[in-house]
Asker: 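One structure coming up, written as structure tokens, with questions to follow.
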Amino acid sequence: MAFGPYLLLALMEGLVKAAVLALTAVGLSLVFGVMRVVNVAHGAFFMLGAVLAYTVAQYIPGPAALGWLAALVIAPMIVAAIAAAADTLVLKRLNYDPEATIVATIGLLYILEQAALSFFGPDARPVEAPFTLRLQLPWFGFSGYKLFVILAAIAILLAVWWFMTRTRAGLVMRATQVDRQTARAFGIDVDRVYAGVFALGAALAAIAAVLLVPISQSHYLMGGDPLLLSFIVVIIGGLGSLRGTVVAALIIGISDGVISMFYSPTLAKIIATAAVAMVLVFRPQGLFGARA
Amino acid sequence: MLKVEGVSGGYGGALVLRDLSFQALPGEVTCIMGRNGVGKTTLLRAIMGQVRVTKGAIALDRRDLSSLPAHQVPLQGVGYVPQGRRLFGPLTVAENLEIGLMTRAKGQATLDRVLQLFPRLQERMDQTASTLSGGEQQMLAIARALCLEPKVLLLDEPTEGLQPSMIAAIREVVVGLKASGVAIVLVEQRVEAVLGMADRVAFMDHGHVAETVPRDGLTAVSSQFKHYVGV
Ligand SMILES: Nc1ncnc2c1ncn2[C@@H]1O[C@H](COP(=O)(O)OP(=O)(O)OP(=O)(O)O)[C@@H](O)[C@H]1O
Ligand SMILES: [Mg+2]
């Protein structure tokens with residue numbers, strides 16, 4: 001293949017990564033923004049979404065699309081419920097203390113991983129794609145499903161943006177993010193908002209995972225990469241800034257795709273981590289974050 | 001009527017309020033005066049359920065407030081204008097007011113009435129709250145609290161740092177609210193402003209109300225001002 005088409009392919013693969021990453025990272029960013037909780041278990045929620053997608057798809061007979069669609073609805077709901085429970089049972093009791101919640105979510109990460117290992121086993125399992133359309137470009141063929149992942153991620157991100165800026169629930173979340181004490185003085189049940197935000201953040205990770213599994217595999221240890229990359233993206237984008245998160249996901253996802261294809265995935269991670277270090281040194285508030 | 005009876009409370013182990021009692025009647029302005037750090041803000045926060053109350057009772061029209069979680073206190077009709085305003089800074093004026101309206105499920109009619117009191121806010125509905133001038137921010141803080149149509153309005157030093165014309169505007173609003181039967185609790189440090197608005201003045205000392213004096217019993221040179229406020 002000539003360089004041009006090869007680059008185009010790399011860019012498209014990168015866009016798929018960016019799409020999944022943006023969804024995952026927006027979940028992490030939302031939780032940090034509103035609750036000031038650094039959720040180390042975010043990758044575990046991602047993994048849980050994937051593993052549950054496999055399970056749900058197994059139980060649904062008929063065409064693959066049906067099983068996958070059911071997984072897209074059910075897996076995020078289960079993950080959201082687990083997250084809401086973790087918030088109420090653990091984080092709330094810690095009073096959302098920033099340091100204590102880091103330790104607690106590390107614990108949650110191990111609990112979820114070990115639970116996945118016990119229930120689903122150590123094997124990587126595939127989930128069938130809902131459809132197998134192949135787009136034939138002049139130079140190479142591209143999976144129609146991958147294109148669908150990009151479009152679905154854009155649609156979901158727009159929905160999140162609409163929810164945060166145009167609905168009352170979103171307004172309540174933003175007010176709580178600014179000042180939870182004053183939010184309470186205006187009737188906002190901050191505990192409920194936090195449970196909702198934590199659930200929403202986890203659900204976004206789970207949705208990203210369900211989108212990803214047909215082109216990857218589900219495995220109980222698969223949460224590491226999304227967690228690391230999400231942190232990278234959230235730091236580069238500016239903690240708590242959703243717009244910055246999406247832009248950073250594009251940068252990291254696309255460069256990861258391109259570098260992985262031309263050189264190696266390891267080099268891509270090294271460069272991304274170096275980029276974070278540079279941002280932390282030269283622009284600690286991130287590309288779009290407010291100066292502290 | 002807002003009734004605070006024998007309340008003790010504070011932060012962690014430290015008691016700030018000690019056996020404090022006072023009342024605020026509908027259609028009256030009750031001013032709270034006292035030195036910096038005496039616990040005026042703490043008292044208002046205790047009413048809002050934001051400060052731990054270890055003893056005593058806080059009731060609005062016989063409904064106990066002190067046992068409610070903080071977010072349910074405003075639902076009973078308590079509007080709060082905190083010291084330093086504490087607006088939702090990155091949100092717009094309209095969104096700040098929307099939060100106030102949502103508290104007790106009030107709608108457009110309430111908003112129209114509130115905006116009539118603060119025409120300057122009307123022109124700035126889409127502006128970010130943190131970019132308003134100090135006076136406009138204070139107006140927004142009051143407007144936000146009025147959006148829940150409070151029976152009791154707690155104002156914590158609303159005139160702090162404002163120029164005379166703004167103070168006059170706020171005073172006009174307070175007088176109007178009073179006429180409509182709202183019970184107003186006003187923490188205020190300026191003697192002149194107190195004499196202009198108060199029906200009664202509660203002087204705080206050592207964490208409780210040491211003395212309550214009706215407006216008629218006070219002049220600019222009354223000894224209480226010197227004794228409790230040091231002015
Ligand atoms: N969050 C807090 N934690 C611990 N102590 C506090 C807290 N807030 C206030 N205090 C203490 O409680 C006491 C009363 O403070 P408060 O703010 O109620 O005083 P104030 O009368 O409103 O003063 P000012 O006139 O300066 O506004 C002070 O000694 C203060 O240091
Ligand atoms: Mg004060």
Side-chain angles (χ1 to χ4, degrees), chain A residues 29-30 32-36 87-88 92-97 100 160-197 237-245 285-286 288-292, chain B residues 11-12 41 44-51 65 68-92 94-107 126 128-130 140-141 143-150 152-156:
Chain A
S29 181
L30 198 64
F32 179 80
V34 176
M35 306 169 68
R36 299 278 131 182
D87 170 75
T88 310
K92 184 181 164 193
R93 277 159 210 260
L94 297 174
N95 240 327
Y96 301 98
D97 174 77
V160 170
W161 173 82
W162 175 84
F163 173 79
M164 289 305 287
T165 57
R166 296 284 184 275
T167 68
R168 287 189 158 193
L171 176 61
V172 163
M173 285 181 184
R174 285 183 292 136
T176 306
Q177 167 163 7
V178 178
D179 184 344
R180 61 170 144 163
Q181 190 93 69
T182 305
R184 283 199 184 93
F186 287 90
I188 293 174
D189 184 347
V190 170
D191 290 345
R192 259 183 55 194
V193 174
Y194 278 12
V197 167
L239 292 169
S241 155
L242 293 188
R243 189 166 49 123
T245 302
Q285 76 273 26
F288 289 81
R291 210 173 280 269
Chain B
Y11 309 92
T41 297
L44 298 196
R45 292 189 58 195
I47 296 168
M48 293 310 295
Q50 297 179 356
V51 168
L65 297 183
L68 294 178
H71 72 273
Q72 284 181 14
V73 172
L75 308 189
Q76 309 304 318
V78 187
Y80 183 32
V81 181
Q83 188 164 21
R85 302 165 194 132
R86 298 190 70 156
L87 295 172
F88 300 110
L91 275 50
T92 64
E95 287 173 332
N96 271 276
L97 295 174
E98 173 76 14
I99 299 269
L101 291 171
M102 278 160 58
T103 310
R104 300 223 294 158
K106 302 296 177 192
D126 295 323
T128 306
S130 59
L140 178 55
R144 180 178 63 174
L146 292 182
C147 278
L148 58 85
E149 299 205 348
V152 179
L153 182 64
L154 312 177
L155 296 150
D156 199 344

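Every chain is numbered from 1 and lettered A, B, ... according to where its sequence line falls, protein lines coming before strand lines. In this text the structure is predicted, and so the values were computed from the model without any measurement.
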Asker: Please name the pair of heavy atoms, one in A:F186 and one in B:Y80, separated by the smallest distance, quoted to 0.1 Å.
Answerer: CZ-O, 3.8 Å
Asker: Nearest 0.5 Å please: distance from the OG1 atom of A:T176 over to the CD1 atom of B:I99.
Answerer: 7.5 Å
Asker: Tell me, with the steps shown, if A:V190 and B:H71 meet side-chain contact (heavy atoms from CB on, under 4.5 Å).
Answerer: CA-CA 8 Å; A:V190 170; B:H71 72 273; over 6 Å; no
Asker: Tell me, side chain or backbone of B:Q72 under 4.5 Å from chain A's heavy atoms, or both, or neither?
Answerer: neither
Asker: Say you draw a straight line from CG of B:L91 to OG1 of A:T165; how long is it, rounded to the nearest 0.5 Å?
Answerer: 11.0 Å
Asker: Please assess B:M48 against A:R184 for the test side-chain contact (heavy atoms from CB on, under 4.5 Å), listing each intermediate value before the final yes or no.
Answerer: CA-CA 9 Å; B:M48 293 310 295; A:R184 283 199 184 93; over 6 Å; no
Asker: With a 4.5 angstrom heavy-atom cut-off, is it the side chain or the backbone of B:R144 that approaches chain A, or both, or neither?
Answerer: both
Asker: Heavy-atom pairs under 4.5 Å with chain A: which of B:L148, B:V78, B:T103 has the most?
Answerer: B:T103
Asker: Between CZ of A:R174 and CD of B:E95, what distance do you get to the nearest 0.5 Å?
Answerer: 4.0 Å
Asker: What are the two closest non-hydrogen atoms of B:G89 and A:V178, and how far apart are they?
Answerer: N-CG1, 4.0 Å
Asker: What do you reckon, is NZ of A:K92 surrounded by more than 12 foreign heavy atoms closer than 6.0 Å?
Answerer: no
Asker: Work out which heavy atom in B:P74 is nearest to a heavy atom in A:G187; give both atom names and the distance.
Answerer: CG-N, 3.4 Å
